[in-house]
Amino acid sequence: MTLDEKIVLMHGVNAMKGTVETGFDWAVPPKEYVGVAPPIKRLGIPSLKLADGRAGVGNDAKDITLLPAPIAAASSWDTGLLHEFGRVLGEEQWGKGTNVELGPSIDVVRVPEWGRTFESYGEDPYFNGQMAAAEIKGIQSQGPIADANMYLTMNQESDRFRADSVVDERTLQEIYLPPFEASVKDGHVGTFMCAYVKTNGVYSCENAHILRDLLKTQLKFDGWVMSDWGATHSTVDCANNGLDQQMPDDTFYGAALKKAVVDGKVSVATIDEHVRRILVPMFRQGLFDKTQPGKWTSNVRSPQHDVFSRSVAEQGTILLKNDRALLPLQPTATIAVIGAAGDKTPKIEGGGSSAVIAPYTVSPLEGIRKRAGAQVNYADGSDLAQAAKTAGAAQFAIVFANTDETEGDDRPDLVLPSKQDQLIAAVAAANKQTIVVLDTGGPVLMPWAGQVAGIIEAWYPGQEDGNAIAAILYGDVNPSAKLPLTFPRTAAEIPTAKKEQWPGVDGHSQYSEGLNVGYRWYDATNTQPLFPFGFGLSYTTFQFSHLSVEPAELELRSGAAAGKVTVKVDVTNTGKRKGAEVVEVYVGHPPANGEPPHQLRAFAKVQLEPGQTKPVMLELDERSFSIFDVSQGRWVSQDGRYEILAGDSSRDLTLHSSITVEHAGVSR
Ligand code: NOJ
């Protein structure tokens with residue numbers, strides 16, 4: 001390849017820019033895609049066509065499927081579902097001519113107000129890694145290269161184009177890096193997007209430590225890093241510190257990069273490495289071999305995808321409260337539907353570059369009316385007195401409340417906006433059988449939690465909203481989802497409540513909570529959350545028993561592959577309906593290791609008929625017994641006695657066992 005050809009591959013193009021400069025036979029960059037690297041005809045290198053997609057093909061594409069928000073999919077705690085989520089997304093992207101799918105978003109949710117919480121999976125690094133790997137494999141099984149983002153410490157929208165995440169190395173390694181590590185090692189992701197923010201004072205896309213040391217050396221990532229749109233701030237620093245491709249244009253990686261090479265500021269070897277990193281995943285994904293007949297205007301919808309969208313919404317909806325087993329509803333019950341549930345108001349998706357044009361929306365009112373066998377009345381909630389009156393006249397009141405979350409903005413706080421708290425309180429006062437359905441992208445405060453009989457978190461449920469919520473409310477589907485992040489009781493009781501932590505002071509966000517992110521903080525500070533990480537109810541009940549850990553003593557040998565630890569738990573469905581339960585296994589380190597009280601290290605979902613017991617086997621690897629040793633620059637397993645805890649939420653770990661880890665007299 002000539003230097004010009006190499007550089008062409010290293011940046012996106014905006015509408016024909018560059019044609020004249022290089023004289024290449026450019027294809028007209030299709031304007032539809034949010035990023036394009038043109039083909040190099042002489043060498044048979046195909047064009048890269050990039051499109052956003054977290055819950056469906058974005059960038060104003062039409063005739064696509066709107067899936068529920070990723071946080072809903074993750075709430076299933078079902079990696080199989082995430083694989084299918086990726087598969088459907090990948091199939092639709094490929095059908096649209098896209099060969100690089102911009103997603104998934106995998107950052108750990110550090111700040112509950114984060115405007116992109118809905119795009120991500122949750123607050124636990126291990127959990128996010130499992131979900132990321134599954135979704136990436138699903139996407140890449142259909143043709144497109146997945147682009148996991150945003151790398152790294154992209155944990156807030158406030159001041160996002162210059163915010164600096166000040167984070168210590170151990171926290172970076174143990175909390176923020178693992179989802180990206182799993183994407184490389186288990187997901188075999190082809191590309192990452194470096195983020196807008198800075199990590200420890202240096203912009204992500206020119207940060208040698210995070211790009212070169214961590215991603216490319218430590219994690220052995222062999223694909224490429226593209227910049228987020230507008231996240232490139234230099235030519236020489238970016239090129240020398242690990243940015244392989246600028247998107248979406250050539251402001252730093254066009255003529256300026258060529259000059260830097262000619263001037264000897266960027267070596268040809270460095271350019272070659274960038275180019276190799278872009279080409280390797282292209283070859284691996286078969287982009288040189290496959291034809292892609294689909295166009296941006298192709299209709300990629302299918303009845304199967306509509307059904308799948310509904311199923312994700314059902315699997316991702318969390319039952320948080322169900323007093324007196326009021327739910328599921330009987331079809332004969334009269335219902336008052338209140339609030340954001342009518343034709344124009346349901347909140348089915350988040351905003352920003354992940355936004356998708358829904359092919360249709362089934363509103364909650366429509367879904368409930370279709371399913372109910374008795375009178376369903378509706379009040380939109382704009383008039384409190386009228387809403388209370390409507391609620392009081394029915395056997396059950398179901399209030400829909402939501403938040404408007406979007407990329408680009410954090411929420412100011414966790415309060416439900418537009419006086420929805422007052423609406424819920426007024427309805428609850430009028431009807432003792434009030435159920436609240438939340439369509440939010442992240443946690444909200446619930447001052448009325450004690451006054452209502454039922455609470456459901458349905459997230460942003462996508463196009464099938466009303467059908468899915470009706471199926472849950474009437475018990476056609478037994479809820480089995482669990483929270484992937486903590487819901488706090490009060491504003492003061494969140495891990496990042498101090499201004500210097502979020503949104504930051506003078507442009508710096510201090511990650512002073514360290515390892516104590518999410519539930520780790522609530523546990524470490526003995527703070528009672530409103531609803532804990534991992535929590536979610538069912539219409540049946542489960543019992544866990546017979547926790548066993550094998551071996552009871554783990555002898556690790558340096559250099560030898562560490563033995564795996566098997567955890568076994570029996571789960572019994574003690575109720576009258578079939579249902580699914582998640583077994584969550586947490587590990588508590590010996591105090592000397594300086595880790596949070598306990599951390600999720602394995603989980604599995606199991607389907608059970610009434611009365612049925614199934615043994616569930618889970619594995620713990622050496623990482624479960626390791627800390628990141630900053631002085632050695634690597635994960636090192638530590639001797640000592642570890643607690644093994646199993647249960648159905650981070651705060652309900654009824655089964656306890658332990659394991660002793662010992663290094664067999666060999667120096668490490
Ligand atoms: C900015 C967002 O941060 C990123 O996730 C997205 O892929 C790009 N814009 C392209 O739309």
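Order of appearance sets the numbers: ligands from 1, and atoms from 1 within every ligand. Residues: numbered from 1 along the sequence shown.
Tyr121 meets the ring-ring contact (aromatic ring centres under 6.0 Å, His included) test with no other residue; sequence neighbours excluded. Scanning for salt bridge (Lys or Arg N to Asp or Glu O under 4.0 Å) contacts around Glu349 gives an empty result, with sequence neighbours left out.
Nearest protein neighbour of atom 7 (O) of ligand 1, counting heavy atoms only, is Asp52 OD1, 2.6 Å. Annotation: atom 1 (C) of ligand 1 to nearest protein heavy atom, Asp228 OD1, 2.9 Å.
At a heavy-atom cutoff of 4.0 Å, ligand 1 is contacted by the side chain of Asn149 but not by its backbone. Under 4.0 Å from ligand 1, the heavy atoms of Arg54 that appear belong solely to its side chain.
Below 4.0 Å from some heavy atom of Val34 lie the following atoms of ligand 1, by number and element: 11 (O). Ligand-side atoms of ligand 1 in range of Leu102: 7 (O), range being under 4.0 angstrom from any heavy atom.
In this structure, Val13 and Asp250 have side chains that are not in contact, with every pair of non-hydrogen atoms separated by 4.5 Å or more.
We find that Glu119 and Arg116 are joined by a salt bridge, their nearest charged nitrogen and carboxylate oxygen being less than 4.0 Å apart.
Of the possible donor and acceptor atoms, none in the side chain of Thr486 sits under 3.5 Å from a partner among the backbone N and O of Gly518. Counting only distance, with no hydrogens or angles, the side chain of Asp147 and the backbone of Glu101 share no donor-acceptor pair below 3.5 Å.
Ring centroid separation for the pair Tyr511 and Tyr176 comes in under the 6.0 Å cut-off.
Within the structure, ligand 1 has Arg116 among the residues with a heavy atom less than 4.0 angstrom away. Heavy-atom distances between Met247 and ligand 1 stay at or above 4.0 Å for every pair. At least one heavy atom of Glu407 sits closer than 4.0 Å to an atom of ligand 1.
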